Amino acid sequence: MKEGLAKQKLVLDRVDSGGRGLVATQSLRQGERLLFVPSGLLITADSEWGCAETGRIIKEAGLPEWPMLAIFLISEASREESSRWFPYFATLPKTPSSILQWTEEEVNTWLTASPVREKALECIRDVTETYRDLRATIFLKHPEVFPSQVYTLAAFKWAFGILFSRLVRLPSVGKLALVPWADMLNHSPQVDSFLDFDQNNAKSVVTVTDRAYQSGEQVFISYGKRSSGELFLAYGFIPSELNVHDSVELEMEIDSDDPSFEAKLRAANEQGLSSPQRFPVRKDGFPAQLLAYARLIASRTSDPAQLSRIARAATEANATEKDDSDVIAMLSAEEETNAYERVLAVCENSIAEYTKFLEAHELDEVMNSDTSTRVSRTRMLQQLAVSLCKNEQRMLFRLQHILRTDLRGLRTLPATENMSGGAKGKAQRKNGGLFGLFKWDIDILQK
């Protein structure tokens, strides 16, 4: 590479997690700009291909950025020392930690209790299907350019694993890029610093510290407002510190034997919802949309207009505060109680699944005594899965407490009393938090 890095205030070193990270070589103040990786070192969709013919075929195919970059990585890695990127490839892991390195059997064994399981399987299958499509439409048609021993499924998963864990979007230029050196920075959910391209002065990728660091201290950036499950899928780790962006999904479903099933499903579909439908639950409670969907399930009305109003309150994009109030006013105390009970039942069923998994896998004496490679890998998968499941279960225990507290207030109301006016106020006074204290809107959190 002709363009080198500027003198750095960071050095690559072993860190507390046991892996590698960038450590300050001197005291750093808050607001200090670091890295300064020039544009010539970035790998983007515009990067020059070492093999011109490979680049020509791929560009003419008009592939999206992700598969294009994956093929670029395979192509350049196969050229070894003749690639200008060889020094960078020498730093990359031979086996990335992403979920793509798991088999479907491993996913079904270790993630059986977690909603992350379905996303993991979808991810593995999507990448596999993309590879098969590319093999049929490009690789097999140009075997002299894309030799089968190089462009394998394993190589494709390796490349996508690198992209999952290292590709960043640079906000100021709207580009996806691999940024050598900068991709050695580890993530902390307590940090807001991120990578971006400075178009004004430095003309390079920088990060700005959001706190001061002492010499010898590891410097972090944020990989985004991601839950532990999302970090696990892309990067293969679970944060050891508090993750304020954590969430776990609960799945709600309209009863198929409900006399109004078709009308409710139609109302849900009109608002872009499905059955089953998943909603994120966070440490501080659950989204208003989750309870609104439960009200759709619990409602005894068959009036399409009323069902449509209830379903609208369950959508992230269309719901308003008035929708929520109007829906509550439509329901009897019995229906409102039933809505809460349905969410609680789903929550407690999920807790039971986590408990069953943890009791079976949290302690395994055989693994503790066996040091073979196979068992070492199994032990690693077990530790990740147990850590993820404990984390998700804790959030559900918190939700269980919230729901039980709210239900105590609701159950003091006459079953047929409408939830508008005095009944709603009476319930709020009873437990001091019903209908809003613990709920948040999904769209607010995503801003």
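As the structure is a prediction and not an experimental result, all values here were calculated from the model.
- The cationic atom of Arg211 (NZ for Lys, CZ for Arg) lies less than 6.0 Å from the six-membered ring centre of Tyr213 and within 45° of the ring axis.
- Annotation: the span from Arg226 atom CZ to Asn243 atom CG amounts to 11.5 Å, rounded to 0.5 Å.
- Salt bridge annotation for Glu65-Lys175: absent, with no cationic side-chain nitrogen under 4.0 angstrom from a carboxylate oxygen.
- The number of heavy atoms from other shown groups lying within 6.0 Å of NZ (Lys59) is above 12.
- Partner of Phe286 under the side-chain contact (heavy atoms from CB on, under 4.5 Å) criterion, out of Val343, Leu250, Ile402: Ile402 alone.
- Taking the charged nitrogens against the carboxylate oxygens, Arg125 and Glu122 have no contact shorter than 4.0 Å, which rules out a salt bridge.
- A donor and an acceptor atom, one from each side chain of Gln218 and Asn186, are located under 3.5 Å apart.
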Criterion side-chain hydrogen bond (donor to acceptor under 3.5 Å, both in side chains) on Gln30 and Asp210, from CA distance to verdict: CA-CA 5 Å; Gln30 182 178 356; Asp210 67 347; over 6 Å; no
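- Distance NE2/His142 to CD/Glu144: 7.5 Å, rounded to 0.5 Å.
- With a 6.0 Å radius and a threshold of 12 heavy atoms from other residues, nucleotides or ligands, Glu48 has its CD atom at or below the threshold.
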Ser228 vs Asp246, side-chain hydrogen bond (donor to acceptor under 3.5 Å, both in side chains): CA-CA, chis, key distance, verdict: CA-CA 6 Å; Ser228 295; Asp246 240 338; 3.0 Å; yes
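- Between Val107 and Arg117 the shortest heavy-atom distance is CG1-O, 3.8 Å.
- Between Trp158 and Tyr131, the ring centre distance reaches or exceeds 6.0 Å.
- Checked for salt-bridge contact, Arg79 and Glu76 meet the test: a charged N lies under 4.0 Å from a carboxylate O.
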Residue pair Arg33, Asp198: steps toward the salt bridge (Lys or Arg N to Asp or Glu O under 4.0 Å) verdict: CA-CA 10 Å; Arg33 288 146 56 84; Asp198 184 344; 2.6 Å; yes
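- Salt-bridge annotation for Glu118 and Arg278: present, with a side-chain N of the basic residue lying under 4.0 Å from a carboxylate O of the acidic one.
- Side-chain contact between Glu251 and Gln277: absent, with no pair of heavy atoms (C-beta onward) separated by less than 4.5 Å.
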side-chain hydrogen bond (donor to acceptor under 3.5 Å, both in side chains) between Gln289 and Thr315, worked out: CA-CA 6 Å; Gln289 290 85 357; Thr315 62; over 6 Å; no
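- No salt bridge links Glu230 with Lys225; every basic N to acidic carboxylate O contact stays at or beyond 4.0 Å.
- Within 6.0 Å of the CD atom in Glu105, the count of heavy atoms belonging to other residues, nucleotides or ligands does not exceed 12.
- The distance from atom NZ of Lys157 to atom OG1 of Thr130, rounded to the nearest 0.5 Å, is 12.0 Å.
- At distances below 3.5 Å, not a single donor-acceptor pair connects side-chain atoms of Thr207 with backbone N or O atoms of Leu195.
- In this structure, Thr209 OG1 and Ile221 CD1 are separated by 12.5 Å, a value rounded to the nearest 0.5 Å.
- Between Glu249 and Lys119 there is a salt bridge, with a side-chain nitrogen of the basic residue lying less than 4.0 Å from a carboxylate oxygen of the acidic one.
- The aromatic ring centroids of Trp181 and Phe36 lie 6.0 Å or more from each other.
- Annotation: the span from Tyr88 atom OH to Thr91 atom OG1 amounts to 6.0 Å, rounded to 0.5 Å.
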side-chain hydrogen bond (donor to acceptor under 3.5 Å, both in side chains) evaluation trace for Ser275 with Glu253: CA-CA 5 Å; Ser275 180; Glu253 187 170 8; 4.6 Å; no
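- Atoms CD1 and CZ, on Ile58 and Phe146 in that order, are 4.0 Å from each other to the nearest 0.5 Å.
- Listed by chain and residue number, His187, Tyr235 satisfy the ring-ring contact (aromatic ring centres under 6.0 Å, His included) test with Tyr223 (two or more places apart in sequence, or in another chain).
- For the side-chain contact (heavy atoms from CB on, under 4.5 Å) criterion with Leu100, the lone passing option out of Leu163, Val127, Ile162 is Val127.
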